[in-house]
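A note on names: the letters A, B, ... follow the listed sequences, proteins ahead of strands, and every chain is numbered from 1.
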Protein chains: 2
Amino acid sequence: MDSTENQPYNVGKYRTPDGAPADIVIFTITRTEKQTAKKSLPYRELMVLLIRRKRWPFAGSWALPGGFGKESETLFETARRELMEETGVADVHLDYLNVYSKPGRDPRGWMISHAFFALVNEKWLEKRKAQDDAEDVKLFTVTEALNELELAFDHREIIADAYRNIQQQMLVTTIAKEFLPELFTLSELYQVIQTVVPEFKETNFIRKITSTQSRKGIIQVACDASGEKLYSNQYSQRPAQLYRFTDYVPDVSIYT
Amino acid sequence: MDSTENQPYNVGKYRTPDGAPADIVIFTITRTEKQTAKKSLPYRELMVLLIRRKRWPFAGSWALPGGFGKESETLFETARRELMEETGVADVHLDYLNVYSKPGRDPRGWMISHAFFALVNEKWLEKRKAQDDAEDVKLFTVTEALNELELAFDHREIIADAYRNIQQQMLVTTIAKEFLPELFTLSELYQVIQTVVPEFKETNFIRKITSTQSRKGIIQVACDASGEKLYSNQYSQRPAQLYRFTDYVPDVSIYT
DNA sequence: TAAATAGTGTCTCTTAGACATTATGGT
DNA sequence: ACCATAATGTCTAAGAGACACTATTTA
């Protein structure tokens, strides 16, 4: 019935995996200023960080950054360590995505891969850019990565899964904050949501998020020490009210 | 930078995991009829299936059913196979939950465990009950499993995670259907939701799910071949309209 | 006729959705 | 004066939430 029961504690008896790698889908949103006469909102694009492989297997292909798990750490720690090595940042949103274990997925042997996804603010990646060899580590748009690139292993599938996941999470949690500064305007927030979920359309977005009972707790107006409201005119002539996220995340339900 | 790059294809060079088990949290909802004079709704309880271990480690403790992954199958297949062995059913809701890799979690060695959860309709487990040794395989309420039982490995943590997950999914997807017959009354649906999420309270539940534009597509009234509406008086004097789930699952969002 | 569930009426206040309008400040 | 973004006004229809009320059977 239960094969756990029948398993010996003699660990050498059966074929065991050849490794447990952690692969990380590192997402960021890049901003590029529009070349207009007046101040305007930047273009934003959802990017994923890839590495060009130097060795067999899949030498020359692009792949997710990653590395092998060790006995002395959890796979989450493996992922965090790899992320640190790759981007130099420690305190970013890092979440487990899925396991990939299709037979033959890695020609090196029986590799059970654990995919994570990280959300990194563009500002952290800027320093890194310079120090790295531009040939080997690069940001691609998600569309590009999924449709135009030769990817190693089953990394296309992993990126596709991660993309689906981040799109869903964007609408159901407050991960938008990972892509925004501490204080932000509502246009910026709206733009970030749309960058990840292009289908997202909300007329009256400002009003809904600020003044409906059920969700106005998500964000709050930013004030300075003396209680004065803070404004930004970075993207517009008319200064826009700045907001910050609270810790509140509303529960969602299809029945309510 | 990328330790995948530095990994040899000589698979024997590093310490590798001693096994990749799949553990399954099998949930079901049991019904027990109330002993009242009149017809009434049954008590329902969310249960989890556990197995009493016979061997070291954790001999005598209760544990999740599970087994070791093989090189020739995905871990999802491992889980499905174990589920089949355990409950005798194949086509049930089975989903990946999380990976558990804390060092030392299994005294037998470096075991990276993959937890799944399955939602099984009570009717499938009924046959099994008889044929199994009641001492070794048993259904427990989730509360009991979490608070009163001595559990093997990190299975308490896994069950707690699975419980959180199923509660969230219950409100955001239509997994309620896994615990219901093909045709059901709205009281049954409401009761199933409340069994998994006790905090769930909706006055006007009937009206909301049947006649609000945005979510009435979730379920539809059940009709017979000639278009007559179907009713059930299993739980009440007054016959109740029967419904079925459609394939439609509304999108949820905290911003909409 | 009472028990137990099924389902509707009604009222108020809030929200959705669509669109028009006004506000601000720099070039 | 005009541009680009910020924000409010206004109107209608729909929905939320509370609670009282009616309906249907059968023991």
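- Under the 3.5 Å distance criterion, the side-chain polar atoms of B:R156 are matched with a main-chain donor or acceptor of B:L149.
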What string of B, S and - do you get for nucleotides 9-14 of chain C 5' to 3' if you count protein non-hydrogen atoms under 4.0 Å?
BB----
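- Closest to the side chain of A:Y231, out of D:dT25, D:dT5, D:dA7, is D:dA7.
- Between A:R44 and A:E188, at least one side-chain nitrogen of the basic residue sits less than 4.0 Å from a carboxylate oxygen of the acidic one, meeting the salt-bridge criterion.
- Checking A:K208 against A:Q237, the closest nucleotide of DNA chain C that is more toward the 5' end is the one next to A:K208.
- In this entry the distance linking OH of B:Y235 with C1' of D:dA27 reads 20 Å, nearest Å.
- Phosphate proximity of C:dG17 to A:T203: absent, as no side-chain N or O sits under 4.0 Å from OP1 or OP2.
- Rounded to whole angstrom, the span from the CD1 atom of A:I209 across to the P atom of D:dT8 amounts to 14 Å.
- Distance from the side chain of B:R238 is smallest for C:dG7 among the nucleotides C:dG17, D:dT5, C:dG7.
- Note on B:L186: nothing from the nucleic acid sits closer than 4.0 angstrom, heavy atoms only.
- The backbone N or O of A:L139 lies less than 3.5 Å from no partner atom in the side chain of A:E144, so there is not a single donor-acceptor pair.
- Atom C1' of nucleotide D:dT5 and atom CD of A:E33 are separated by 15 Å, given to the nearest angstrom.
- Checking the phosphate oxygens (OP1, OP2) of D:dG17, no side-chain nitrogen or oxygen of B:K201 falls inside 4.0 Å.
- Picking from C:dT5, D:dT26, D:dG17 the nucleotide with the shortest atom distance to the side chain of B:N233 gives D:dT26.
- The side chain of A:A240 has D:dA7 as its nearest neighbour among C:dT5, D:dT24, D:dA7.
- Applying the ring pair (Phe, Tyr, Trp, His ring centres under 6.0 Å) rule to pairs touching residues 173-219 of chain A yields A:F184-A:F245, A:Y190-A:F200, A:Y190-A:F205, sequence neighbours excluded.
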